Amino acid sequence: MKIRAIRLREVGCFSEPVVVEGLSGGLDVLADNNEAGKSTLFRAVRTVLLEKHSTAKQDVEALRPYRGGAPLIEIDFEIGKTAYRLRKQFLSAKSALLTDLATGAVKRNADADEEVFRLIGADGGRHPYGLFWVAQEESFEPAAPDERERAALAGIIQREVASITGGRRAQAIRNRAQESLDRLVTRQQLKPRGDYAQALKERDDLLEAIARGEGDNRKAESHFQALAQARQKLAALEDPQAEAERQQAIDAASKALETAERARQQADKAHIVLQLAEESFKNAERKAKDLRDRLELEQRLAGDIARAQEKLTEAEAEAKRSGQVFDEAQLRLDEARREQQEAEKLLEQIRVCEARQRLDSELGTLRDRLGQARQAQDKLIAARGALSRNKLTPAAIKALETEDRNIAILRAGLAAAAPSVRVAYEAGQEGKVAANSVPLMENTPVIIHQPTEFHIAGIGRMTVSPGEAANMREQSTKLQDMLDAHQRNLRTLGAATLEDARHLARERSDAEEAERSAQDQLKILAEKGLDHLQNAVMALELQVAEPLPQIAMTLADGMERFNAAKQALDRATHDRDAAQAAKAEADKARVAAEVRSIDLHKRMLEVAGGLPPGGERAGVLAALDGEATKTRDAMTAAQTDFESKTGLVPSVDEMKALVVRKTRAIEAERNARGEKEQLGKAIANAQGQLTQIFDSGAGEKLDENKEHLVAVTARIQRLEREVAELKLLIETLDACAAEARTAFFEPVVKGLKPLLSLVLPGAEVVFGEKFTPESLSRDGRQEEFERLSGGTREQIAILVRLAFARLAAEAGRPAPVFLDDALVYADDTRIEKLFDALQIAAQAHQIILLTCRTKVFGPLGGNALRIERRDFA
Amino acid sequence: MVFRFLHTADWQIGKRFGAFTAEKAALLRDARFEAVATLAKLAISRDIRHVLVAGDIFETETSEPATRRKLLAILRQHETLRWHLLPGNHDPGRPGGLWDACRKDGLPANVMLHLEAKPAEIEPGVFLLPCPIATRHVHADPAAWIEAAALPDSAYRIGLAHGSVEGFAGDSNRPLDYTVAEKHLSYFALGDWHGAKKVGERTWYSGTPEPDRFKANDPGHVLLVTLAAPHALPQVEPVPVGQYLWTEASFHMTGDDDLARLQSDVAGHHPESRKLLLKLSIDGLVPLATRLRLQSELDRLGDELFHLESDLEHLHLHAEASDLDLIDRSGELRHAAERLLELAQSDSPDRDIAEGALARLHAWSARA
């Protein structure tokens with residue numbers, strides 16, 4: 001379809017009739033200002049083509065002008081090679097008229113409506129015009145066809161795609177498979193659920209129960225074995241022959257042990273007899289030997305006593321001699337000590353005299369310093385008196401000089417500004433002119449800075465006044481004040497003039513110098529004060545007042561005598577110490593000789609005291625030897641007896657073995673009794689345990705669980721198989737659906753590609769199931785449509801619509817693309833490329849573009865339209 | 001004197017049938033008690049006094065007390081009969097074991113426990129030579145003692161043992177050398193093999209009176225044995241007493257025509273379908289539609305029979321383009337069906353999964 005003309009009357013903003021004619025059927029562009037009625041045109045064309053004339057929809061009502069009326073819309077259009085004119089009036093004057101412009105055939109009202117729908121492919125409510133006609137502010141929305149539009153698109157596309165059928169049934173089956181799978185496993189992680197999970201749990205429970213049951217079986221088997229073994233052991237223990245053997249073993253072991261014990265006791269007795277005999281023999285032998293030893297000792301001691309006596313005599317003589325030597329040395333020492341004390345005393349007296357002489361000298365020096373200090377003290381007092389009377393400090397004299405300088409400056413200023421009077425006397429008339437009663441000197445100017453009275457003798461009085469300038473008076477007053485103050489200050493400081501003051505200031509400076517000099521002198525002479533110095537003098541005077549002995553010897557002589565005395569004392573001391581040591585050594589030797597002699601005598605007394613008298617000694621010795629022989633014979637007999645009895649005693653190991661044998665036999669019997677008791681308990685326990693197990697019926701349950709496990713395992717295998725089948729079915733259906741979708745959109749993608757490559761080279765649009773652009777693929781990455789910039793979204797949306805329109809055109813159902821104020825977000829570069837795209841697209845189908853941006857859309861070209869305000873038939 | 005008795009074994013009382021639902025398991029458990037009552041009635045009806053039970057009377061050594069007591073009550077109830085019970089490997093006769101528990105429960109006077117390998121004269125001149133098993137696992141021949149048993153030549157000598165006959169069951173556990181024993185016996189009554197089976201001239205397995213597993217060895221009988229003289233060959237009459245039939249069957253399919261054959265095959269196994277337990281293994285190559293209809297038929301059979309266990313592992317799908325038309329002629333579903341079929345016909349380990357997925361796709365597409 002191509003629209004060739006649009007005419008409106010009483011439509012929206014057009015109260016008066018308007019026409020837009022001369023549409024080319026290619027790219028038709030209406031560029032006009034805002035509120036020119038472009039959007040009204042857009043709505044009018046959509047209404048006349050897609051709405052029945054009898055409609056009362058709100059959209060149509062909105063086309064009624066403000067002042068009222070029945071909107072009338074007329075368009076000329078072509079379908080194929082046939083030209084039609086469609087005229088519809090809505091609301092109060094509703095009518096429709098379709099005229100075949102070639103034949104003049106007409107259809108009216110409802111027939112006209114239906115025929116138009118049929119011609120443009122909108123019959124049955126399935127048409128894609130909503131996709132092609134983009135109203136204001138809708139251009140950036142993605143081309144999202146509604147169901148009606150999708151059906152129309154699908155109808156168009158299916159002519160090209162042969163295999164696109166069965167999608168709905170496939171989806172239904174997929175949903176059913178998914179529902180079945182959802183009942184068995186979770187969607188995301190495919191974890192078992194429902195019957196499947198229950199079967200798995202049942203299997204786990206059964207495995208656990210079977211493990212328990214088999215554990216019980218093992219326990220039962222263990223109890224059976226324990227019971228059989230216990231019974232077997234008990235029977236063996238209770239066998240009479242075995243019991244008799246155990247008792248015989250005890251009796252035999254006991255008898256053997258008793259025999260061994262008796263032999264050991266007899267041997268022990270023989271051993272005691274032997275020990276006593278040995279003791280008797282040893283005593284006799286020891287007594288004989290003891291007597292012989294003491295006799296030999298007595299002889300040795302007699303010789304030792306004689307030699308000790310000789311040594312004692314020699315030691316006593318030596319002690320006496322060394323005592324005499326010591327006494328002599330002691331006398332010499334006492335003499336030397338006295339001489340040394342006298343020399344020392346004399347030396348001390350010489351030193352005292354010399355110290356007195358140094359004190360006298362020191363006292364003279366201190367007395368001189370005290371006199372000088374007192375003079376300095378007097379000068380200090382005098383200087384401080386002068387300073388207290390003289391007030392002319394350096395600051396005071398500086399202030400006076402400043403005042404004098406300021407007066408001179410002020411006075412110079414006044415003199416410069418004020419008139420001056422200078423007199424030149426004629427000869428002999430000198431002094432006849434007086435100013436303020438002071439005679440004027442010739443060529444001495446009088447500065448008139450205040451009214452000054454001149455008296456000219458013989459002539460009269462003349463008053464000369466300075467000018468009335470306020471400054472002059474003020475300066476003059478200030479000068480006078482300064483002069484008065486200066487005089488007051490001089491008087492206060494005790495000076496008549498400044499020169500006088502300067503003289504006083506110099507005197508004050510001298511007094512300050514004298515004060516500093518006196519203070520420095522006092523610090524040197526009496527560092528700690530004058531009183532301290534005076535006290536020191538008095539203390540020395542007291543010291544030198546004491547009388548001194550008269551010593552004729554010098555200190556050097558005194559020292560020589562003292563040293564000689566000291567050396568003599570040292571020698572005497574050495575001699576006395578040597579004599580004392582020799583005397584001590586001799587005394588010690590004498591004492592040792594005495595002690596030795598006494599000890600020997602004492603031992604002799606001890607040894608001799610226990611011996612028989614001399615005549616009896618041989619007889620006593622023979623008797624003792626006889627006793628020793630007798631006891632030795634008795635000991636030999638006891639030894640023989642002991643050895644014979646010891647041969648009958650079992651060894652220690654043999655005794656131990658006999659004890660062990662008896663103990664073992666007794667324990668064996670006791671153990672047998674204990675074991676019988678334990679076995680009885682074990683049998684009772686095993687029987688009790690088995691009774692419990694038999695009462696539990698565990699075996700039946702175990703068998704049942706094992707059989708049940710087989711069934712559950714088979715059920716799980718069936719469910720696993722079912723899950724696998726469902727997964728495979730779903731995956732297969734999904735893969736086929738994806739392939740079908742790809743094939744389905746291929747024509748759209750193909751149509752879009754040349755347009756898109758102009759604007760976004762290398763990019764591809766990916767469509768969703770509902771023909772909606774979902775993403776843009778470029779530079780190897782996928783960008784969601786919603787995340788693209790507004791401009792790119794708008795451009796893609798327009799291009800997609802153009803691709804849909806191209807598809808429709810190629811399917812033999814061309815429809816105009818109507819863009820109202822589109823491409824508002826495109827930049828300068830992009831918009832040029834979009835113009836190219838529009839031009840290319842317009843070769844396949846009509847594009848009617850309405851825009852208020854006349855300048856921007858100038859380069860677009862195309863067939864320019866304009867709204868003409870004129871009536872039409 | 002003619003001596004007649006019933007030979008039975010492997011009652012497996014107390015077997016729980018845990019693979020079945022609680023309701024079906026209870027029915028199968030009860031059937032084993034009912035089998036004892038049935039053979040008691042048979043003995044009485046044939047004027048027989050002695051019933052010899054060759055081991056495995058109980059399924060497990062640790063049966064529930066109620067199970068023991070219920071069986072003992074049934075045995076007691078038929079007081080004219082003498083029940084000769086021999087321990088088997090499931091219920092060995094060991095001290096402190098199951099049979100002691102039975103004694104504590106109160107053994108009926110008409111029940112003779114044979115826990116020792118020594119002759120028991122059960123009627124004048126009729127000796128029973130029991131070969132009890134005292135442990136679960138036996139490696140010595142429990143019947144070895146029979147050869148040396150000193151009995152009068154004129155006596156009837158009936159061996160009673162539980163175990164595996166060499167070269168028959170091939171079970172190294174519980175071996176029995178019947179060839180030696182039966183030379184010294186009038187009849188050798190064996191238990192352990194669950195089907196009725198003549199092993200030697202005088203040696204028989206009676207089998208279990210009530211089948212309990214899918215094994216085609218002719219179970220569900222009791223043997224009525226007649227000994228005309230001590231050395232005469234025994235006359236043995238297997239009498240069917242079992243209620244339930246456990247059957248394994250294979251079935252080959254190629255198309256819809258086989259479905260009717262399947263129905264008639266199943267019906268031929270047992271006149272009473274509610275007593276039939278069928279383990280059905282189906283193989284072949286069938287079209288998609290047949291596979292769908294087979295499933296419906298199996299669902300129906302599952303409801304009708306006491307138990308149906310079907311194994312379709314070796315039943316494969318074949319599909320032409322026209323078969324896939326049942327799913328869709330074109331489009332996504334057709335494409336998916338083709339993919340699954342391709343995978344199902346490949347060597348992929350997932351081909352069975354693909355078959356299942358294709359079958360589901362087919363089943364659901366018919367309703368989508």
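Any value given below was found using the heavy atoms of this structure, including those in side chains, with hydrogens, waters and symmetry copies removed. Just so we're on the same page: letters track the sequence lines, and every chain starts at 1. As the structure is a prediction and not an experimental result, all values here were calculated from the model.
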| note | Taking every heavy atom of B:Arg339 against every heavy atom of A:Cys736, the minimum-distance pair comes out as CD-SG, 4.0 Å
| field | Under 3.5 Å donor-acceptor, A:Glu707 side chain and B:Phe17 backbone | value | yes
| Least distance between heavy atoms, B:Pro65 atom then A:Gly697 atom | CD-N, 4.4 Å
| task | Might you point out which heavy atoms bring A:Glu725 and B:Ala357 nearest each other, and give the distance in Å? | result | O-CB, 3.5 Å
| field | Side-chain touch B:Arg360/A:Arg176, heavy atoms, less than 4.5 angstrom | value | no
| Of all heavy-atom pairs between B:Asp328 and A:Arg169, which one has the smallest distance, and what is that distance? | OD2-NH1, 3.0 Å
| Largest heavy-atom contact set with chain B, pairs under 4.5 Å, which of A:Glu704, A:Arg174, A:His708 | A:Glu704
| task | For B:Trp364 and A:Leu726, work out which heavy atoms get closest and say how close. | result | CH2-CD2, 3.5 Å
| query | Is A:Arg721 salt-bridged to B:Glu355, going by a charged N under 4.0 Å from an acidic O? | reply | no
| Is there side-chain contact between A:Thr691 and B:Lys104, with at least one heavy-atom pair below 4.5 Å? | yes
| query | Which bit of B:Arg68 comes within less than 4.5 Å of chain A, counting heavy atoms only: side chain, backbone, both or neither? | reply | side chain
| remark: What one should report as the nearest heavy-atom pair of B:Glu61 and A:Phe694 is O-CE2, 2.7 Å
| request: Report the residue from A:Ile173, A:Thr732, A:Leu728 that forms a side chain to side chain contact (heavy atoms under 4.5 Å, CB included) with B:Leu361. | output: A:Ile173
| said: Between B:Leu343 and chain A, with a heavy-atom cut-off of 4.5 Å, which part of the residue counts as in contact: side chain, backbone, both or neither? | reply: side chain
| field | Region of B:Ala66 in contact with chain A, defined by heavy-atom distances below 4.5 Å | value | neither
